[in-house]
Amino acid sequence: MRIDVDALKCIGCMACEMACGYHRDDAFALLASCIVVYRAREKKDYFGVVVKEEESLTIARPEGVEIKRIGVAEEAGDSGQKKEADASAKPMLLREPCDLCSDMKYGPMCVKICPVNAISLQDEGE
Amino acid sequence: MDYLSSNKILIVDLNTGETSEDALDDDLVSQKIGGVGITSSLYETYKDRDPVILGTGLLTGTLFPASALSVISAKSPRTGYLTHSPFTLKAGMELKYTGFDYVVILGRSENPVFLWLHDGVADILDAAELWGKDVWNTTDLLRKSMGDDLIQTLVIGPAGEEGSDLAQVCVNYWANGDCWGFGKVLGEKNLKAVALRGMGLLEISDAEDFVDQCFEIFEAIKGSALEGKRGVEDILIALGESDAREWLAPVVHRHSACYNTPYPTNTFIYLNEDPTTLTEPAEPEPGFMITDIGALLALKKSGLSAADAGHVLRACARRGVDPAAVAEIIGKTGQKDPKAIEQSLEGLQGTVAVPQGAKFSSWVPQNPIFGDFGLSGESSLRDWWVRRQAVAYLFGIHPIFANMSPELSEEVILEMVNKGTGLDLSQETLDQVIEDICS
């Protein structure tokens, strides 16, 4: 099973991020969340969700979901230009991967708390 | 305060350029609760030094639904007495995680400065390069110079620097709840901006119970009257503008929510980009995020198209001027040309009606939205609204969402705060604090 995100449903509220942070730290904090609302393009209204998994990053953008294997160098974009990274996105690879809140009675907290049901559990193959 | 708190009150003296810290005393919280209860108390303590006070609620930045609000409290140039302005988006939450629950800003700096609050550290930094810039350029420069796109900003534009009573403190690039001319107050202090970024952590007294109940409240909200509704268009429809969806449709891009708020109160419109675009637009500034429902409604009633209203609102935000005040003043002239309205913003003057004794921002619609609060009779509506806003400003709850969700009752809020803090705040204390801050 893995976390799936419909970025078009997402309203960018960060409830998932804080719930994940609580799972990690037993307190309210955002530093250790493995699910993060991507919100660095504020003036463009371009936002989505990134999930750190064991061997991959799931990047749910409005135009679709991309799964990147961690450790594989980012390929050049369509234009041939390497995309500029946000400084704020760098710590993502240092975070613990999603464990589907295995020790929590609620199941994955991000799924449970999302107010618009943008986050769901999917079989690996789907 | 050990729980739901950073346990710090920051005192910033702009005259000397020095800062100091006080602990947030449990007794003060037990007596004044938080949010505007404590900012009002701090205002009284420091009122001889023209204080501007930023404050969080006990629930701000937690998992409690709609815990997005922080406040600015100061004497309004429009009213001459202490008023309160909410700020939300992600900035209300960010203040809590900077490591300061309250920030008391005193005096006036000799030269333009900005305040940089991050990870329990407060720096007063030179703002010579920012002075004269509009709100958007200021936020861009702050984020670029510190290399972090997630820095949240409270910013003034040229209107605040020039001392306009209509000047607004904006959040990042957008309008927010300041209808009191606090932009002018910051301008008089030579304080261009407050930049916020925090990696703090809030301990919870009874964590498991607190989180359990948050989930229960979220579930109740999911099945409530606001289910399936989105953005400013559904709010406008609820307020009686039945054609709002059709009016906005040509420009609507997406809706978004303030921190942990189950309803997206903000609607982004694209003005120079196809609003159906899903990929990242090439245009760096394709549109505007509508956060001020009243201003939008007034421009609609003036006969502007949604796109023209968007251009006006964007110009207001760049200049750092209260869009609701602009809409009211412009509405009286009958002007409908957005370019002419934009050109008139520089030096715009005029008076805007304020309800007698008002303390809370008219940025929040005066009626219940979606939710049934069991109200009856015209006379009770104003009292209901004032009390509802007082509760939101005390605890850190999004003030528009507070008017949507009867699930967030005073009883529930008090129970959750007591679980989260380990305090024993009572309904009697809440009643007394509300009476104090409204008097």
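Chain naming here is simple, since letters A, B, ... match the order of the sequence lines and numbering starts at 1 in each.
Interface check for chain A: of the options B:I151, B:V211, B:D140, the most heavy-atom pairs under 4.5 Å are formed by B:V211. With chain B as partner, the option from A:E63, A:E17, A:M14 having the largest number of non-hydrogen pairs under 4.5 angstrom is A:E63. The residue among B:G198, B:A257, B:G231 with the most heavy atom pairs within less than 4.5 Å of chain A is B:A257. For the options A:D25, A:L8, A:V37, heavy-atom pairs under 4.5 Å to chain B are most numerous at A:L8. No other option in B:N172, B:L4, B:T277 has as many heavy-atom pairs under 4.5 Å with chain A as B:N172. Highest contact tally toward chain B, considering only A:P62, A:A15, A:C16, A:A7, is held by A:P62 [criterion: heavy-atom pairs under 4.5 Å]. Contact count versus chain A (heavy atoms, under 4.5 Å) is highest, among B:L63, B:L201, B:N260, for B:L63. In terms of non-hydrogen atom pairs under 4.5 Å with chain A, the most contact-rich of B:F288, B:Y3, B:W136, B:W174 is B:W174.
Proximity to chain A (any heavy atom under 4.5 Å) is shown, for B:I221, by neither the backbone nor the side chain. In this structure, the portion of B:K90 lying under 4.5 Å from any heavy atom of chain A is its side chain and not its backbone. For B:I204, the part sitting under 4.5 Å from any heavy atom of chain A is the side chain, from C-beta outward, and nothing else. There is no contact between B:A66 and chain A, counting heavy-atom distances below 4.5 Å. Heavy atoms closer than 4.5 Å to chain A are found in both the backbone and the side chain of B:E208. In this structure, chain A has heavy atoms under 4.5 Å from both the backbone and the side chain of B:D212. Using a 4.5 Å cut-off between heavy atoms, A:I113 touches chain B through backbone and side chain atoms alike. Contact annotation for B:Y259: both backbone and side-chain heavy atoms come within less than 4.5 Å of a heavy atom of chain A. Heavy-atom distances place the backbone of B:T261, and not its side chain, under 4.5 Å from chain A.
Of all heavy-atom pairs spanning B:A306 and B:I269, the tightest one is O-CD1, 4.1 Å. Summarising the geometry of A:C34 relative to A:C20, their closest heavy-atom pair is N-SG, 3.1 Å, with the distance given to 0.1 Å. Across all non-hydrogen atoms, the minimal contact from B:L248 to B:E233 is CD1-CB, 3.8 Å.
With rounding to the nearest 0.5 angstrom, the OG1 atom of B:T62 is 7.0 Å from the NZ atom of B:K96. With rounding to the nearest 0.5 Å, the separation of NZ in B:K419 from CE in B:M416 is 7.5 Å. Expressed to the nearest 0.5 Å, how far CG of A:L57 lies from CG of A:L93 amounts to 5.5 Å. Separation of atoms OG1 (A:T58) and CD (A:E66) is listed at 10.0 Å; rounding is to 0.5 Å.
For B:R143 and A:E42, the salt-bridge test passes: some basic side-chain N is under 4.0 Å from an acidic carboxylate O. With respect to A:R24 and A:E96, no salt bridge is recorded, no charged nitrogen being found less than 4.0 Å from a carboxylate O.
Taking the six-membered ring where the residue is Trp, A:F28 and A:Y22 present tilted rings, their angle falling between 30° and 60°.
For B:F395 and B:F64, the ring centers sit 6.0 Å or farther from each other. A centroid separation of 6.0 Å or more is found between the aromatic rings of B:F268 and A:F47.
Residues satisfying the side chain to side chain contact (heavy atoms under 4.5 Å, CB included) test with A:A118, not counting sequence neighbours, are A:K9, A:C10, A:C114, A:V116.
Scanning residues 101-109 of chain A against chain B with a 4.5 Å heavy-atom cutoff picks out A:K105, A:Y106, A:M109, ordered by number.
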Under the side chain to side chain donor-acceptor pair (under 3.5 Å) rule, what do B:T139 and B:T153 come out as? Steps first, then yes or no, please.
CA-CA 7 Å; B:T139 293; B:T153 60; 2.9 Å; yes

